[in-house]
Amino acid sequence: RFIPIVSRYCESIRDQFESLNTLAAYGNFSTASPDVVATNLSAELHRMAGAAHCMGFRKFGTSIAKIDKKLRKALTKNNFAISQALTEASDMLKELAPALDEITPDNSRVLQIMSENDDSSADGMKTDDRFSELKVILADDDKHVRAVMRATLENLGISQIETTDSGLALLNRASTVQPDIIITDWEMQPVSGLELLQCVRNGASPLRKDTPMIFFTNEQDHQAMQSALLNGADRFLKKPVSPEILRKSILHILDAVEPV
């Protein structure tokens with residue numbers, strides 16, 4: 001079931017990449033301030049970097065993340081520095097364009113690993129009877145990542161899955177779904193992972209304050225991980241999230257809340 005998801009991602013990558021070029025050039029023909037242009041471009045770069053990692057194209061995702069990092073650094077400075085960073089980002093995107101030819105299902109490391117080792121693939125994982133009773137809300141700003149994560153959860157035996165594209169949408173759905181576990185990206189807009197976590201843990205949402213929360217992110221950000229865990233996150237994982245690691249994370253949560 002993962003091959004069609006990765007295939008759809010590969011088919012859409014050129015259009016997605018073109019949207020990056022359009023955003024990068026937007027400041028040249030609009031009255032928008034450089035910081036607004038850079039903020040919008042950074043959000044799209046972050047989304048695409050995460051998706052690339054989850055689809056098995058780590059090198060491409062790392063290159064996208066590098067451009068995003070440059071913009072984020074510039075956003076802490078003045079508009080002149082931001083304008084320079086936007087120009088550099090545009091040039092870096094042009095240099096990266098030939099890599100699009102390599103974004104094919106055959107080159108997906110995720111699909112290769114699943115093919116090479118059935119035991120480590122999502123279809124070959126052991127399940128747990130308790131999984132069938134779980135209600136999960138999954139949030140990510142990329143539809144391809146949501147599709148992969150949903151397929152992974154379904155292979156674990158979890159069928160009650162609600163997906164949303166932001167932390168804000170998750171909070172809006174919370175009162176009706178009342179999930180047993182939340183699985184979400186750490187960096188989203190307009191509500192970040194940290195803001196979502198604090199909102200839930202402080203009792204400022206319709207969710208139970210102790211609702212288990214699993215976060216994932218593009219890079220091994222130790223500062224973000226420390227912040228998440230200190231504020232009450234149950235797990236903080238790196239994309240692409242291994243099906244086996246996700247299974248063990250959920251089991252850990254279930255074993256922790258199960259009465260002795």
Side-chain angles (χ1 to χ4, degrees), residues 1-13 15-17 19 43-58 60-61 64-65 68 103 105 108-111 114 121-123 125 131 134-174 176-193 195-197 200 207 211-219 233-247 249-250:
R1 74 171 62 182
F2 292 92
I3 293 176
I5 297 172
V6 176
S7 296
R8 287 193 293 271
Y9 167 80
C10 294
E11 291 168 0
S12 70
I13 192 62
D15 287 340
Q16 294 186 59
F17 195 80
S19 74
E44 187 68 359
L45 286 165
H46 173 76
R47 179 192 67 77
M48 287 187 63
H53 283 294
C54 287
M55 297 301 125
F57 303 100
R58 181 172 293 279
F60 183 72
I64 292 289
D68 182 26
I103 309 301
S108 168
R109 187 56 186 153
V110 167
L111 294 184
M114 289 181 177
S121 71
D123 291 325
M125 286 187 299
F131 285 12
L134 291 177
K135 289 186 292 183
V136 174
I137 286 188
L138 166 68
D140 193 276
D141 53 6
D142 185 271
K143 64 180 181 180
H144 305 288
V145 175
R146 292 197 299 271
V148 164
M149 294 298 292
R150 173 185 276 277
T152 301
L153 291 169
E154 288 175 344
N155 281 341
L156 287 172
I158 300 173
S159 59
Q160 301 180 75
I161 306 168
E162 183 83 12
T163 62
T164 66
D165 60 3
S166 71
L168 180 60
L170 187 156
L171 288 172
N172 289 336
R173 292 288 297 141
T176 55
V177 176
Q178 285 297 321
D180 298 299
I181 297 177
I182 292 172
I183 302 175
T184 177
D185 189 20
W186 179 250
E187 294 191 40
M188 291 191 297
Q189 295 296 332
V191 178
S192 70
E195 291 168 336
L196 174 63
L197 176 60
V200 173
L207 294 160
T211 301
M213 302 180 73
I214 298 174
F215 292 91
F216 49 85
T217 189
N218 294 346
E219 300 178 5
D234 294 270
R235 281 289 187 271
F236 194 86
L237 310 176
K238 180 182 177 182
K239 292 180 180 178
V241 180
S242 158
E244 180 61 12
I245 289 178
L246 182 59
R247 184 184 75 87
S249 296
I250 295 174

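Numbering starts at 1 and runs along the sequence shown. None of the values given here were measured: they were computed from a predicted structure.
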What do the steps show when you test Gln16 against Arg47 for side chain to side chain contact (heavy atoms under 4.5 Å, CB included), and what is the final call? CA-CA 10 Å; Gln16 294 186 59; Arg47 179 192 67 77; 3.1 Å; yes
Rounded distance [0.5 Å steps], CG in Leu168 versus CD in Glu195: 10.5 Å
Has Asp234 got a side-chain atom pairing as donor or acceptor with Met213's backbone, closer than 3.5 angstrom? yes
Does any non-hydrogen side-chain atom of Pro179 lie less than 4.5 Å from one of Leu207? yes
I'd like to know if the side chain of Arg150 reaches the main chain of Ile161, judged simply by a donor and an acceptor atom lying under 3.5 Å from each other, with no hydrogens or angles considered. yes
Check the pair Leu153 / Ile183 against side chain to side chain contact (heavy atoms under 4.5 Å, CB included), numbers first and verdict last. CA-CA 10 Å; Leu153 291 169; Ile183 302 175; 3.9 Å; yes
Minimal heavy-atom distance between Ala174 and Ile137, with the atoms involved, is CA-CD1, 4.4 Å
Side chains of Arg109 and Pro240, heavy atoms from C-beta outward: is any pair under 4.5 Å? no
Show, in sequence, the C-alpha distance, side-chain angles and deciding distance for Val110 and Phe2, and conclude whether the side chain to side chain contact (heavy atoms under 4.5 Å, CB included) test is met. CA-CA 9 Å; Val110 167; Phe2 292 92; 5.8 Å; no
Evaluate the side-chain proximity of Phe215 to Asp185: yes if any heavy-atom separation is below 4.5 Å, no if none is. no
Nearest 0.5 Å please: distance from the CD atom of Glu162 over to the CG atom of Leu170. 9.0 Å
Main chain of Met55, side chain of His144: is a donor-acceptor contact present, judged purely on distance under 3.5 Å? no
Check Pro105 against Ser7 and note the closest heavy-atom contact, atom names and distance. CG-OG, 3.6 Å
Hey, does Ile13 have a side-chain heavy atom less than 4.5 Å from the side chain of Met48? yes
Inspect the contact between Glu11 and Arg8 and indicate whether a charged nitrogen and a carboxylate oxygen are less than 4.0 angstrom apart. no
Calculate, to the nearest 0.5 Å, the distance between atoms OG1 and CD belonging to Thr152 and Glu154 respectively. 9.5 Å
Parallel, tilted or perpendicular: which fits the ring planes of Tyr9 and Phe57, with parallel below 30° and perpendicular above 60°? parallel
Can you give me the closest heavy-atom contact between Phe131 and Leu156, atom names plus distance? CD2-O, 3.2 Å
Side-chain heavy atoms of Ile214 within contact of Ile250, under 4.5 Å: yes
Where do Thr164 and Ala169 come nearest, in terms of heavy atoms and distance? CB-CB, 3.8 Å
Heavy-atom check, side chain of Thr176 versus side chain of Arg173, under 4.5 Å: yes
Flag side-chain contact, heavy atom, 4.5 Å: Ser249 against Leu237: yes
With rounding to the nearest 0.5 angstrom, report the CG to CD distance, Asp142 to Glu44. 8.5 Å
Close side-chain approach of Asp180 to Gln160, heavy-atom, < 4.5 Å: no
Using the side chain to side chain contact (heavy atoms under 4.5 Å, CB included) rule, take Val6 and Cys10 through it: C-alpha gap first, then chi angles, then the decisive distance, then the call. CA-CA 6 Å; Val6 176; Cys10 294; 4.1 Å; yes
Could you pull out the closest heavy-atom pair between Ala52 and Gly61, with the gap in Å? CB-CA, 3.5 Å
Rounded distance (nearest 0.5 Å) linking atom OG of Ser192 with atom CG of Leu196: 8.0 Å
Tell me every residue that passes side chain to side chain donor-acceptor pair (under 3.5 Å) with Asp140, counting only those two or more places apart in sequence or in another chain. Lys239
Could you grab the distance from atom OG1 of Thr217 to atom CD of Glu187, nearest 0.5 Å is fine? 5.0 Å
